[in-house]
Visitor: 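Supplied in structure tokens, the structure appears directly below.
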Amino acid sequence: MSNLMDLSIIIPHKNSQNLLQRCLDSIPESDNIEIIIIDDNSSNVNKEIFPGVNRKDTKVIFSETDITAGGARNIGLDHVSNKWMIFADADDFFLKDAFVVFEKTLVNQEIDIYYFRVSSVFSDTLERATRDKGVNTLVDHFLTDEAKLRLKHIVPWGKVFSSEFVRRNSIRFDEVPASNDIMFGVKTGFLAKKITVIQQEVYCVTMNRGSISNTLTAQNNRSRYIVMLKYNEYLRKNQYNSFQNSIRPFIFNSLKFGFIDFFESLKLMFYYKDSFFYNFHPFRSAKTFLNIKMNREKNSKYIIK
């Protein structure tokens with residue numbers, strides 16, 4: 001593979017060794033590809049046979065304490081040595097021709113972020129899922145709405161970052177229980193001087209039972225809520241008020257965990273000067289609620305409450 005495609009792939013991991021191995025199997029062995037795996041204090045780990053420990057150009061870093069996915073990704077950032085960096089989740093995988101696409105497209109040294117299309121499946125059955133729809137829509141509308149892609153495509157996967165760009169701007173992940181990647185996503189999108197889109201699918205994001213994104217607890221809801229308040233605050237400070245997200249779902253979720261949790265959520269809303277009624281349209285909100293409810297019912301076996 002070309003020396004232009006010097007890639008570092010950062011993979012945080014916790015308690016999913018079989019899926020991590022699947023992810024690794026989707027990455028070709030190459031002198032130009034560095035893999036950095038950060039294990040977040042998984043249980044029942046045998047370090048001698050852990051996925052990746054005997055693989056060429058692969059660093060496996062074991063944390064003896066819980067550091068969160070954001071903390072794991074930050075450790076990965078500290079070990080990157082190549083020109084380009086990619087983030088992958090341990091339960092996801094790269095598509096067959098992904099690295100051929102990377103080799104052909106990662107040629108412009110002035111690009112800070114490359115955005116790619118992705119696909120989505122249920123992890124256990126590999127049947128088609130829908131986690132790709134939102135980000136692919138943003139990618140598809142790049143030419144007509146670049147700002148929306150920059151500020152709303154806030155997941156780390158489906159992108160290739162210039163390592164020097166991330167390092168120069170000291171952009172890090174939040175070390176929180178859930179939504180560790182949102183502020184990293186919006187800051188990289190906002191600060192990037194030059195971005196581009198490649199209309200090819202390179203990565204498969206999965207729907208997997210037990211993943212943070214599918215776990216609804218009081219702690220995770222509060223973490224997501226605070227991060228969303230900070231995200232909205234960041235957009236307002238940079239005159240992108242219209243890109244804010246509604247905080248209503250998090251406040252409604254807090255009711256499931258008792259009055260005190262609900263009251264604390266209202267206090268946080270006032271503290272961050274956010275609005276419960278931002279972008280509120282009764283009919284649109286009802287439609288959104290029904291769509292969320294239908295998706296939760298469809299994916300119920302993957303969601304932990």
Visitor: If you apply the rule side-chain contact (heavy atoms from CB on, under 4.5 Å), what do you find for F116 with E201, and how did you get there?
Guide: CA-CA 6 Å; F116 294 83; E201 293 183 355; over 6 Å; no
Visitor: Is there a donor-acceptor contact under 3.5 Å linking the side chains of N221 and K256?
Guide: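 No, because no side-chain N or O of N221 sits under 3.5 Å from a partner of the opposite role on K256.
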Visitor: Apply the test side-chain contact (heavy atoms from CB on, under 4.5 Å) to residues I9 and F94: give CA-CA distance (whole Å), side-chain angles for both, the deciding distance (0.1 Å), then the verdict.
Guide: CA-CA 11 Å; I9 304 174; F94 292 92; 4.2 Å; yes
Visitor: Under the ring pair (Phe, Tyr, Trp, His ring centres under 6.0 Å) test, which residues partner Y231, sequence neighbours left out?
Guide: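 Residues passing ring pair (Phe, Tyr, Trp, His ring centres under 6.0 Å) with Y231: none at all.
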Visitor: Do the side chain of R22 and the main chain of D92 share a donor and acceptor less than 3.5 angstrom apart?
Guide: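 No.
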Visitor: Could you list all the side-chain hydrogen bond (donor to acceptor under 3.5 Å, both in side chains) pairs where at least one residue sits in residues 61-76, not counting sequence neighbours?
Guide: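 Sorted result for residues 61-76: K14-D66, N41-D66, K47-E64, R73-D89, R73-N180, N74-E175.
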Visitor: Taking only residues two or more places apart in sequence or in another chain, which ones pass side-chain hydrogen bond (donor to acceptor under 3.5 Å, both in side chains) with K273?
Guide: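 side-chain hydrogen bond (donor to acceptor under 3.5 Å, both in side chains) list for K273, sorted by chain: empty.
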Visitor: Who are the side-chain hydrogen bond (donor to acceptor under 3.5 Å, both in side chains) partners of S81, not counting sequence neighbours?
Guide: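 S81 satisfies side-chain hydrogen bond (donor to acceptor under 3.5 Å, both in side chains) with E34 only.
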Visitor: Side-chain heavy atoms under 4.5 Å apart, restricted to Ile/Leu/Val/Met/Phe/Trp/Tyr: what other residues fall into the cluster of L126, or is it alone?
Guide: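 For the cluster that includes L126, the remaining residues are F93, L95, V121.
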Visitor: Who pairs with F252 by ring pair (Phe, Tyr, Trp, His ring centres under 6.0 Å), at least two apart in sequence or on another chain?
Guide: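 In terms of ring pair (Phe, Tyr, Trp, His ring centres under 6.0 Å), with neighbours along the sequence ignored, F252 is linked to F276.
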Visitor: Pairs of donor and acceptor atoms involving the side chains of residues 153-160, under 3.5 Å and at least two apart or interchain, shall be tabulated with distances.
Guide:
from: K159; atom 1: NZ; to: H153; atom 2: O; distance (Å): 2.6
from: K159; atom 1: NZ; to: V155; atom 2: O; distance (Å): 2.9

Visitor: Only counting residues at least two apart or in another chain, list the ones meeting side-chain hydrogen bond (donor to acceptor under 3.5 Å, both in side chains) with D112.
Guide: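 So D112 forms no side-chain hydrogen bond (donor to acceptor under 3.5 Å, both in side chains) with any residue.
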Visitor: Considering only residues two or more places apart or on different chains, which pairs with a residue in residues 226-237 satisfy salt bridge (Lys or Arg N to Asp or Glu O under 4.0 Å)?
Guide: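 Qualifying pairs: R236-D274.
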Visitor: Could you pull out all residues at least two apart from H141 that satisfy side-chain contact (heavy atoms from CB on, under 4.5 Å)?
Guide: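 By the side-chain contact (heavy atoms from CB on, under 4.5 Å) rule, H141 matches T137, T144.
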Visitor: Holding to ring pair (Phe, Tyr, Trp, His ring centres under 6.0 Å), I want the full list of residues that pass it with F257, two or more places apart in sequence or in another chain.
Guide: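 Testing F257 for ring pair (Phe, Tyr, Trp, His ring centres under 6.0 Å), a comparison that skips the adjacent residues, returns none.
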Visitor: Does the pair D140/K133 count as a salt bridge with the N-to-O cut at 4.0 Å?
Guide: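 A salt bridge is absent here (no side-chain N lies under 4.0 Å from a carboxylate O).
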Visitor: Which other residues end up in the same hydrophobic cluster as Y278, if Ile, Leu, Val, Met, Phe, Trp and Tyr are linked when side-chain heavy atoms come under 4.5 Å apart?
Guide: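 Hydrophobic cluster check, Y278: no partners found.
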